[in-house]
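For reference, the structure discussed in these notes is given below.
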Amino acid sequence: MMQMQAKLDTIPAALSVAPASIVKMQAEKLSVYYGAFRAIAEVTLPIHDRHITAIIGPSGCGKSTLLRAFNRMHDLIPNARVEGKLTLDGEPLYGPGIDVVDVRRRIGMVFQRPNPFPKSIYDNLAYGPRLYGVNKKATLDDLVEKSLRGAALWDEVRDKLHQSALALSGGQQQRLCIARALTVEPEVVLMDEPCSALDPVATIKIEDLMRELRNNYTIVIVTHNMQQAARVSDYTAMMMMRPDRAGEMIEFDLTRTIFTNPQDKRTEDYVTGRFG
Amino acid sequence: MSAVGQSASRAAQPILPRGLIKTKNRHHTRRITNLAMLGMTAAFTLFAAIPLIWVTVYTVMTGAKYINVEFFTELPASVLQGGGGVSNAIAGTIIITLIAMTISIPLGILAAYYVAEKPNTRLGLVVRFATDVLAGVPSIIIGLFAYGILVKPLGTFSALAGGVAISIIMLPTIVRSTEEMLKLVPRALREGSLALGAPDWRTSLVVLLPAALAGVVTGIMLAIARGVGETAPLLFTILGNDHYSVRQIVQSGVESGMTPIQILRELVLSPTDALTLTMYRYSQDPFPERVQQAWAIALVVMVFVLGVNILTRALTARRLAGRS
Ligand SMILES: Nc1ncnc2c1ncn2[C@@H]1O[C@H](COP(=O)(O)OP(=O)(O)OP(=O)(O)O)[C@@H](O)[C@H]1O
Ligand SMILES: [Mg+2]
């Protein structure tokens with residue numbers, strides 16, 4: 001509790017520079033359809049460079065859908081369709097001639113359940129760089145070590161790089177997946193409930209890691225855990241389902257404001273746990 | 001008022017009797033029924049197993065007597081001379097199976113991949129339907145087909161024609177088992193790869209296939225066992241060849257200065273023999289020694305097929321144990 005308080009206290013310092021920060025990604029009137037069903041409706045949301053943005057809201061309101069629109073994962077779903085505008089550094093991601101491979105390299109993703117490949121730790125991490133033609137052993141070794149250090153996992157696995165990644169604990173696997181996302185040197189990392197399958201200790205480790213990564217990466221995290229959103233994020237977007245079941249964003253602000261002085265009554269109810 | 005009270009009290013009555021049932025009689029009947037049913041299922045199971053046991057025991061008893069080293073290493077001798085072996089048929093079966101594997105494994109895996117990935121596209125549905133139908137086509141028709149497309153145009157019976165026919169037999173098994181395994185690979189693995197920017201084909205090759213590999217290998221092994229046991233597709237395709245010997249073809253090829261490719265052509269395009277086909281021919285031979293050799297072949301084929309099946313079972317069991 002003391003620790004958490006201490007961490008909360010560090011936020012304002014970070015946020016004092018926030019308003020001046022650069023907008024890394026911008027969604028404008030972004031809608032996603034699954035067939036005829038509109039899952040999210042006209043979401044307008046800035047993602048600030050080298051800050052952590054949390055997306056919160058009740059189950060089914062379209063948080064994952066929004067997140068997956070950010071790196072074009074919907075391209076994989078046959079009847080999914082995206083409308084509206086989404087930019088990365090001002091460039092439209094859904095524009096003509098944009099290579100989806102490029103989008104996914106620059107915008108990495110970590111999933112709800114750790115999903116290491118059934119290969120060695122090393123091969124999991126070398127997979128991404130190899131995709132982009134890095135095959136020299138020395139370079140790969142460097143990248144593997146760097147990303148493992150970046151994900152605070154190096155000390156735990158340095159002696160077993162060539163053992164199966166599936167032998168790691170759940171928390172280690174998730175940090176491996178974060179490391180794997182880092183190997184291709186993305187600018188933005190999307191995380192969809194990255195701690196929901198982990199125990200509290202592993203969760204704290206990932207949160208520490210996120211704060212660490214924040215220095216170099218832009219992070220967007222979906223979470224159901226209000227304390228987590230409050231602990232790690234700089235900005236928070238609150239989503240809700242409309243009566244037609246389309247999700248919309250009802251409020252976006254500094255995390256501090258969302259949790260202490262929300263404008264929307266529904267946000268207040270949700271973050272204080274009075275919702276549903 | 002009282003009617004309502006009555007119905008309510010009736011409703012409160014438990015439908016099934018409460019407490020332990022002590023009636024001796026009921027207990028008895030149940031036990032007897034149970035025993036009778038158990039006896040009956042056991043009897044039927046035994047009944048179903050009888051043919052398998054019988055065939056196995058009979059083949060082993062009859063065939064084992066005629067198996068010796070010569071049987072595996074020698075070409076057939078003339079009936080008058082006696083002795084000899086079936087090395088031609090063994091070589092032929094191996095070559096035919098290799099040809100069949102070369103065709104059916106890549107084709108089967110690709111088809112399975114397509115069906116698993118795009119089950120609801122038109123092509124996906126067609127491929128799926130075609131494999132189902134193929135699995136039910138009598139194998140002799142497949143032999144005729146290979147005769148039509150290879151033996152006639154090439155003007156010769158050949159290991160190739162036999163291999164193609166067997167590959168068609170093997171295909172449905174490989175497609176089905178591979179498809180099932182690919183479907184079992186969690187979606188999250190695919191997404192993990194695609195989120196790194198990997199293209200579809202690379203995801204399949206480097207992530208999905210290895211994850212499904214054990215199952216795919218199982219399917220391939222079963223398909224091989226099936227292919228080795230086939231006779232009908234070979235009747236019209238390989239002709240039979242008492243002199244087929246890989247060593248001789250290679251030796252004479254090297255001596256006459258042929259390139260490796262030419263030697264391979266010779267191996268693949270010559271008429272050849274196969275264990276099952278030889279067995280079929282020998283079993284109808286008037287000479288008793290031939291019939292005895294047919295039994296020996298039967299034993300070899302049976303042991304192979306049984307062995308592959310048992311091995312596959314063992315592998316599958318281990319995999320399932322490892323997973324849980
Ligand atoms: N592939 C899909 N096809 C059709 N509908 C989908 C698909 N994925 C999600 N949906 C629907 O879109 C809506 C939003 O789903 P989404 O997964 O984005 O919600 P969420 O906010 O992430 O929920 P949770 O908190 O439970 O993860 C839901 O009604 C869901 O049923
Ligand atoms: Mg979700």
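Lettering of chains follows the sequences in order, A, B, ..., and the numbering in each one begins at 1.
Taking CG of B/Leu194 as the reference point, atom CE of A/Met73 lies at 6.0 Å (rounded to 0.5 Å).
Contact between A/Asn71 and B/Ala195 at its shortest, heavy atoms only, is ND2-CB, 4.4 Å. Considering all non-hydrogen atoms of both residues, A/Tyr127 and B/Val206 come closest at CE1-CG1, 3.5 Å.
Counting non-hydrogen atoms of neighbouring residues, nucleotides and ligands closer than 6.0 angstrom, the OH atom of A/Tyr122 exceeds 12 such neighbours. Surrounding CZ of B/Arg313 are at most 12 heavy atoms belonging to other residues, nucleotides or ligands under 6.0 Å away. Open room surrounds CD on A/Glu212; 12 or fewer heavy atoms of other groups in view lie less than 6.0 Å from it. For B/Arg265, the CZ atom is loosely surrounded, since the number of other residues' heavy atoms within 6.0 Å does not exceed 12.
Side-chain atoms of A/Asn115 come within 3.5 Å of backbone N or O of B/Ala188 as a donor-acceptor pair.
No salt bridge links B/Glu191 with A/Arg113; every basic N to acidic carboxylate O contact stays at or beyond 4.0 Å.
At a 4.5 Å heavy-atom cutoff, A/Pro114 makes no contact with chain B through either its backbone or its side chain. Contacts of A/Phe117 with chain B are made by both backbone and side-chain atoms, with heavy-atom separations under 4.5 Å. Proximity to chain B (any heavy atom under 4.5 Å) is shown, for A/Arg72, by neither the backbone nor the side chain. Contacts between B/Thr203 and chain A at a heavy-atom distance below 4.5 Å involve backbone atoms as well as side-chain atoms.
Per-residue heavy-atom pair counts under 4.5 Å with chain B were compared for A/Arg106, A/Gln112, A/Lys119, and the maximum is reached by A/Lys119.
Inter-residue side-chain proximity for A/Leu131 and B/Ser193 is flagged as unmet; no heavy-atom pair is nearer than 4.5 Å. Between B/Arg187 and A/Phe111, every side-chain heavy-atom pair lies at or beyond the 4.5 Å cut-off.
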